[in-house]
Engineer: 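One structure, pasted below without further comment.
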Amino acid sequence: MNRPLAAAALSALAFAVGCQPPAIQGTPYVSAAEIQQVHAVRSRVLPESPEAAFSRALGVLLDHGYLIRGSDKAAGLIAFHQDWNQAIVGAWASLDGTLLFEPAEGGGTRVRALLAGKWQNSGADLSAHVEDQAYAQLFDLLKPAPAAK
């Protein structure tokens with residue numbers, strides 16, 4: 001169904017049941033302050049080159065059981081996924097993530113992350129809010145090990 005037809009059908013249905021149709025919105029506006037808040041949680045600077053951080057992150061994700069869905073070293077992108085099955089309670093959860101590696105101002109690598117969670121219980125698929133702690137745990141995994149003395 002094309003968009004004008006779908007919008008007309010939605011309006012007709014709303015008129016028929018006596019309610020206002022929902023507003024169709026585009027991409028939400030995000031202020032500079034909101035972006036800074038998001039970056040505070042969802043990004044970190046690592047003390048190594050983007051190439052080194054990228055290669056090490058692939059190994060770390062694999063070591064921790066993540067499936068690499070795709071990667072592009074030139075673009076600095078890694079997409080990953082992991083499922084957990086909780087057979088005792090008949091539920092499962094999954095996590096999808098994207099990492100972006102870019103040179104940081106002043107040296108090192110800024111790693112930006114976006115995580116999306118989902119879980120299922122009793123046949124219902126539900127999206128799960130990914131807590132800030134999950135980002136902190138991911139970045140702890142991605143930190144380079146201290147150099148041996």
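Atoms considered below: every heavy atom in the structure, side chains included; atoms not considered: hydrogens, waters and symmetry mates. Owing to the predicted nature of the structure, the values given are computational and were not obtained by experimental measurement. All residue numbers refer to positions in the sequence shown, counting from 1.
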Engineer: I78 versus F101: any side-chain heavy-atom pair under 4.5 Å?
Structural biologist: yes
Engineer: Are any non-hydrogen side-chain atoms of R69 and L67 less than 4.5 angstrom apart?
Structural biologist: yes
Engineer: Are the side chains of L95 and W84 in touch, meaning some heavy atoms are under 4.5 Å apart?
Structural biologist: yes
Engineer: Measuring from K73:NZ to E51:CD, what's the distance to the nearest 0.5 Å?
Structural biologist: 6.5 Å
Engineer: Quick one: list whatever passes side chain to side chain contact (heavy atoms under 4.5 Å, CB included) with V41, sequence neighbours left out.
Structural biologist: D132, Y135
Engineer: Report the distance from atom CG of L61 to atom CD1 of I68, rounding to the nearest 0.5 Å.
Structural biologist: 4.5 Å
Engineer: Flag the pair L142 / R44 as yes when at least one side-chain heavy-atom distance between them is below 4.5 Å, and no otherwise.
Structural biologist: no
Engineer: Nearest 0.5 Å please: distance from the CG atom of L99 over to the CZ atom of F80.
Structural biologist: 4.5 Å
Engineer: So V60 and L138, do their side chains get closer than 4.5 Å, heavy atoms only?
Structural biologist: no
Engineer: Got a second to check how far I35's CD1 is from R42's CZ, nearest 0.5 Å?
Structural biologist: 11.5 Å
Engineer: Rounded to the nearest 0.5 Å, what's the gap from CD on E48 to CZ on R56? Could you check?
Structural biologist: 4.0 Å
Engineer: Can you tell me how far apart CG (L100) and CZ (R110) are? Round to the nearest 0.5 Å.
Structural biologist: 10.5 Å
